[in-house]
Amino acid sequence: WVELKNPATQEVVTMVPECTQEEMDRAVASAQAAYPAWRDTPVSVRARAMFKLQALIHEHTETIAENIVTEQGKTIVDARGDVFRGFECVEYACSAGSMLMGETVENVGSHIDTYSYRQPLGVVAGICPFNFPAMVPLWMYPLAITAGNTFILKPSEKDPGASMIIAELAREAGIPPG
């Protein structure tokens with residue numbers, strides 16, 4: 001366990017667990033198990049989950065920002081900005097349906113047509129630095145998840161609270177475990 005201290009007061013805010021290899025293996029297995037069903041979920045349903053997540057982040061901005069102030073030491077104005085910049089990425093992910101369309105070109109050559117498909121990759125992961133605890137995770141997983149991938153997020157051990165709050169909001173928005 002690692003002590004997480006409020007940088008302004010040096011008071012221990014919480015204890016952060018250090019992940020074991022077994023826990024990491026379970027996270028990967030969970031994401032792998034969830035992938036086939038999530039990949040086959042229509043993009044419109046995945047985008048709807050992003051719309052719900054967007055609304056929930058907006059509703060809980062102050063809670064997330066206050067957590068960033070406590071764990072990371074930003075001013076409340078900077079912390080709100082951190083959340084807002086991430087919120088903008090979720091907004092963008094809401095429109096991913098049109099970005100996921102493939103392309104078709106007929107008659108590239110004599111009797112030759114080309115087709116391209118955009119398909120999910122599978123299990124993807126992101127490791128977050130400490131300096132933008134809401135924005136950086138929200139740069140990563142909303143687009144990856146909307147595209148049909150499953151995602152493993154490793155927040156910084158220095159300020160994991162914002163990521164944990166947003167993960168709970170994602171679950172509430174309808175994004176399944178894994």
Side-chain angles (χ1 to χ4, degrees), residues 19-61 64 81-157 159-160 162-178:
C19 183
T20 65
Q21 185 63 50
E22 180 183 309
E23 290 168 324
M24 188 65 212
D25 292 343
R26 283 197 321 255
V28 170
S30 175
Q32 287 172 329
Y35 173 67
W38 188 247
R39 173 196 61 215
D40 293 340
T41 300
V43 68
S44 59
V45 173
R46 298 190 307 249
R48 228 178 340 241
M50 286 301 119
F51 276 109
K52 290 177 186 173
L53 179 59
Q54 175 192 28
L56 289 167
I57 291 170
H58 181 70
E59 181 182 332
H60 294 277
T61 292
I64 300 166
D82 187 333
V83 177
F84 182 73
R85 300 299 180 290
F87 174 84
E88 290 177 314
C89 293
V90 178
E91 268 184 328
Y92 187 69
C94 291
S95 66
S98 61
M99 293 183 283
L100 297 173
M101 295 184 337
E103 298 173 341
T104 302
V105 180
E106 295 183 273
N107 292 322
V108 171
S110 183
H111 304 289
I112 299 173
D113 299 335
T114 64
Y115 304 90
S116 68
Y117 301 98
R118 294 180 187 245
Q119 298 181 332
L121 298 171
V123 177
V124 295
I127 300 171
C128 299
F130 75 95
N131 53 340
F132 292 99
M135 181 174 66
V136 171
L138 291 171
W139 281 351
M140 295 179 186
Y141 71 83
L143 281 168
I145 288 172
T146 306
N149 300 292
T150 52
F151 199 89
I152 298 169
L153 179 72
K154 192 279 183 195
S156 171
E157 70 283 358
D159 50 12
S163 290
M164 300 305 293
I165 293 167
I166 295 167
E168 285 300 319
L169 296 177
R171 184 170 294 150
E172 189 177 329
I175 298 168

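Computed from a predicted structure; not experimentally measured.
Taking CE of Met101 as the reference point, atom OH of Tyr117 lies at 13.5 Å (rounded to 0.5 Å). For the atom pair Ile57 CD1 and Met50 CE, the distance stands at 8.5 Å (nearest 0.5 Å). Here the CZ-OG distance, from Phe51 to Ser95, works out to 7.5 Å after rounding to the nearest 0.5 Å. Annotation: the span from Asp82 atom CG to Asn131 atom CG amounts to 8.5 Å, rounded to 0.5 Å. Asn149 CG to Arg39 CZ: the interatomic distance, rounded to the nearest 0.5 Å, is 10.5 Å. Atoms CD1 and NE2, from Ile165 and His60 in turn, are 9.5 Å apart once rounded to the nearest 0.5 Å.
Pro142 and Pro137 make their closest contact through CD-O, 3.8 Å (heavy atoms, listed as atom of the first residue, atom of the second, distance). Closest approach of Ile166 and Ile64 over heavy atoms only: CG1-CD1, 3.8 Å. Here the shortest heavy-atom pairing between Thr150 and Ala34 reads CG2-C, 3.9 Å. Closest approach of Val136 and Pro129 over heavy atoms only: CG1-CD, 3.7 Å. Shortest non-hydrogen contact noted between Gln32 and Pro36 is O-CD, 3.3 Å. Considering all non-hydrogen atoms of both residues, Phe151 and Ala125 come closest at CZ-C, 3.7 Å.
Under the 4.5 Å side-chain criterion, counting only non-hydrogen atoms from C-beta, Met99 is not in contact with Thr146. In this structure, the side chains of Leu100 and Arg46 come closer than 4.5 Å at one or more pairs of heavy atoms. Between Met140 and Cys128, some side-chain heavy-atom pair lies under the 4.5 Å cut-off. Side-chain contact between Pro120 and Tyr35 is present, with at least one heavy-atom pair separated by less than 4.5 Å. With a 4.5 Å cut-off on side-chain heavy atoms, Leu153 and Tyr141 count as touching. When side chains are defined from C-beta on, Ile152 counts as touching Met24, because their heavy atoms get closer than 4.5 Å.
The 12-atom threshold is exceeded at CD of Glu59, counting heavy atoms of other residues, nucleotides or ligands nearer than 6.0 Å.
Checking side-chain atoms of Thr41 against main-chain N and O of Ala37 turns up a donor-acceptor pair under 3.5 Å.
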* To do: Under the side chain to side chain contact (heavy atoms under 4.5 Å, CB included) rule, what do Ile112 and Asn107 come out as? Steps first, then yes or no, please.
  => CA-CA 5 Å; Ile112 299 173; Asn107 292 322; over 6 Å; no

